[in-house]
Amino acid sequence: MKLCVINKKTNQEKNKILTEKKNLDMEKLFSAIPYEERIAFVPHCLRNSEKCKAKERGSYFICMECGACKISKISKKAKELGYKGIFILKGGRTIEKLVKEFKPKAVLGVACYFEGAQGIELLDNNGGKDKIAVQFVPLTKDGCTDTDVNLDVVLKALSK
């Protein structure tokens with residue numbers, strides 16, 4: 001049993017290092033991309049599971065900005081800045097579909113380190129197409145429901 005705990009911690013540390021390195025590597029490129037060429041992804045677990053009014057669209061949700069969770073403020077800021085879209089993802093594989101559809105030059109992702117690392121790797125392997133600049137903001141409390149994130153950090157990252 002201890003081996004599983006150690007392995008999980010090791011993987012989390014590896015994912016943290018990968019995401020932090022990628023943020024540093026991509027920061028200038030991300031900042032150079034106009035807002036209207038960017039999209040943002042947030043995880044469904046960040047929603048308030050009791051009060052959320054987001055509209056389901058197959059593999060993702062669209063925030064209705066009901067104010068029940070931090071996604072509302074993130075969505076409002078992204079729209080104010082002119083982002084192509086903000087999507088509440090049910091799972092990481094939705095990233096591929098949305099990137100093909102919206103063709104962003106930059107993506108801001110909010111997630112746990114595990115999902116963040118997977119998303120970054122997925123965008124890195126964008127089929128040899130134009131490089132997509134990625135910035136990642138980790139959750140401050142992860143889990144599968146009612147997670148949390150530092151809102152100031154997300155809003156700052158959106159505005160880079």
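For the numbers below, each heavy atom of this structure counts, side chains included, while hydrogens, waters and symmetry mates do not. For clarity, every value in this text was computed on a predicted model and none was experimentally measured.
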ask   = For Glu115 and Phe136, what are the C-alpha separation, side-chain angles and deciding distance, and is it a side-chain contact (heavy atoms from CB on, under 4.5 Å)?
value = CA-CA 10 Å; Glu115 293 287 343; Phe136 169 72; over 6 Å; no

Any link between [X] and [Y] through a network of hydrophobic side chains (Ile, Leu, Val, Met, Phe, Trp, Tyr) touching at under 4.5 Å?
{"X": "Met26", "Y": "Tyr113", "result": "no"}
{"X": "Phe102", "Y": "Phe41", "result": "yes"}
{"X": "Ile33", "Y": "Val107", "result": "no"}
{"X": "Tyr60", "Y": "Leu123", "result": "yes"}
{"X": "Leu81", "Y": "Ile39", "result": "no"}

task = Any chance you could pull the hydrophobic cluster mates of Phe114, using side-chain heavy atoms under 4.5 angstrom and chaining through other members?
result =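 So far as hydrophobic clustering goes, Phe114 is joined with none.
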
If you measure from [atom1] on [X] to [atom2] on [Y], what distance do you get to the nearest 0.5 Å?
{"X": "Leu46", "Y": "Ile71", "atom1": "CG", "atom2": "CD1", "value": "4.0 Å"}
{"X": "Glu36", "Y": "Lys84", "atom1": "CD", "atom2": "NZ", "value": "9.5 Å"}
{"X": "Glu121", "Y": "Leu18", "atom1": "CD", "atom2": "CG", "value": "5.5 Å"}
{"X": "Arg47", "Y": "Cys52", "atom1": "CZ", "atom2": "SG", "value": "4.0 Å"}
{"X": "Ile132", "Y": "Arg38", "atom1": "CD1", "atom2": "CZ", "value": "13.5 Å"}
{"X": "Leu139", "Y": "Thr147", "atom1": "CG", "atom2": "OG1", "value": "4.5 Å"}

ask   = When Ile88 is tested against each of Val110, Val42, Ile74 for side chain to side chain contact (heavy atoms under 4.5 Å, CB included), which residue passes?
value =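 Of the listed residues Val110, Val42, Ile74, the side chain to side chain contact (heavy atoms under 4.5 Å, CB included) partner of Ile88 is Val42.
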
Mind listing the closest non-hydrogen atom pair of [X] and [Y] along with its distance?
{"X": "Asp142", "Y": "Gln12", "answer": "OD2-OE1, 4.5 Å"}
{"X": "Ala133", "Y": "Leu29", "answer": "CB-CG, 3.7 Å"}
{"X": "Thr19", "Y": "Ala117", "answer": "CG2-N, 3.8 Å"}
{"X": "Gly119", "Y": "Ile95", "answer": "CA-CD1, 3.9 Å"}
{"X": "Ala68", "Y": "Lys51", "answer": "CB-CB, 3.6 Å"}
{"X": "Asn48", "Y": "Cys69", "answer": "N-CB, 3.7 Å"}

message = Less than 4.5 Å apart, side chain to side chain, heavy atoms only: is that true for Asp148 and Lys70?
response =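 Yes, their side chains come closer than 4.5 Å.
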
query = Should Leu108 and Phe30 count as side-chain neighbours, where that means a heavy-atom distance under 4.5 Å?
reply =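 With C-beta onward as the side chain, the pair touches.
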
Check: Lys53 side chain, Gly67 main-chain N or O, donor-acceptor pair, under 3.5 Å =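 Pair absent, no side-chain N/O of Lys53 close to backbone of Gly67.
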
inquiry  = Using a 3.5 Å distance criterion without hydrogens, assess whether the side chain of Thr94 forms a donor-acceptor pair with backbone atoms of Ser59.
reply    =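 Confirmed, Thr94 side chain pairs with Ser59 backbone.
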
key: Pairing of Glu80 and Lys77 as salt bridge, 4.0 angstrom limit   =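 Yes, Glu80 and Lys77 are salt-bridged.
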
Pair Lys141 + Asp146: basic N to acidic O under 4.0 Å =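 No salt bridge links Lys141 with Asp146.
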
ask   = According to the interplanar angle, ranging from 0 to 90°, do the rings of His44 and Phe61 count as parallel (below 30°), tilted (30 to 60°) or perpendicular (above 60°)?
value =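 Rings of His44 and Phe61: tilted, 30 to 60°.
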
task = Is it possible for you to check whether Arg57 lies under 6.0 Å from the centre of the six-membered ring of Phe87, through NZ or CZ, and within 45° of that ring's axis?
result =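 No; the conditions do not both hold, so Arg57 does not lie above the ring face of Phe87.
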
task = Tell me, yes or no, whether the heavy-atom count around Lys105 atom NZ, taken from other residues, nucleotides or ligands under 6.0 Å, exceeds 12.
result =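 No, because the 6.0 Å sphere around NZ of Lys105 holds 12 heavy atoms or fewer from other groups.
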
ask   = More than 12 foreign heavy atoms under 6.0 Å from NZ of Lys97: is that the case here?
value =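 Result for NZ/Lys97: enclosed.
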
query = Taking only residues two or more places apart in sequence or in another chain, which ones pass side-chain hydrogen bond (donor to acceptor under 3.5 Å, both in side chains) with Lys22?
reply =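 Lys22: side-chain hydrogen bond (donor to acceptor under 3.5 Å, both in side chains) contacts with Asp124.
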
Can you list, pair by pair, the side-chain donor-acceptor contacts under 3.5 Å of residues 150-160, counting residues two or more places apart and other chains?
{"from": "Asn150", "atom 1": "OD1", "to": "Asp152", "atom 2": "N", "distance (Å)": "3.0"}
{"from": "Asn150", "atom 1": "OD1", "to": "Val153", "atom 2": "N", "distance (Å)": "3.2"}
{"from": "Ser159", "atom 1": "OG", "to": "Leu155", "atom 2": "O", "distance (Å)": "3.0"}
{"from": "Lys160", "atom 1": "NZ", "to": "Glu27", "atom 2": "OE2", "distance (Å)": "3.4"}
{"from": "Lys160", "atom 1": "NZ", "to": "Gln135", "atom 2": "OE1", "distance (Å)": "2.9"}

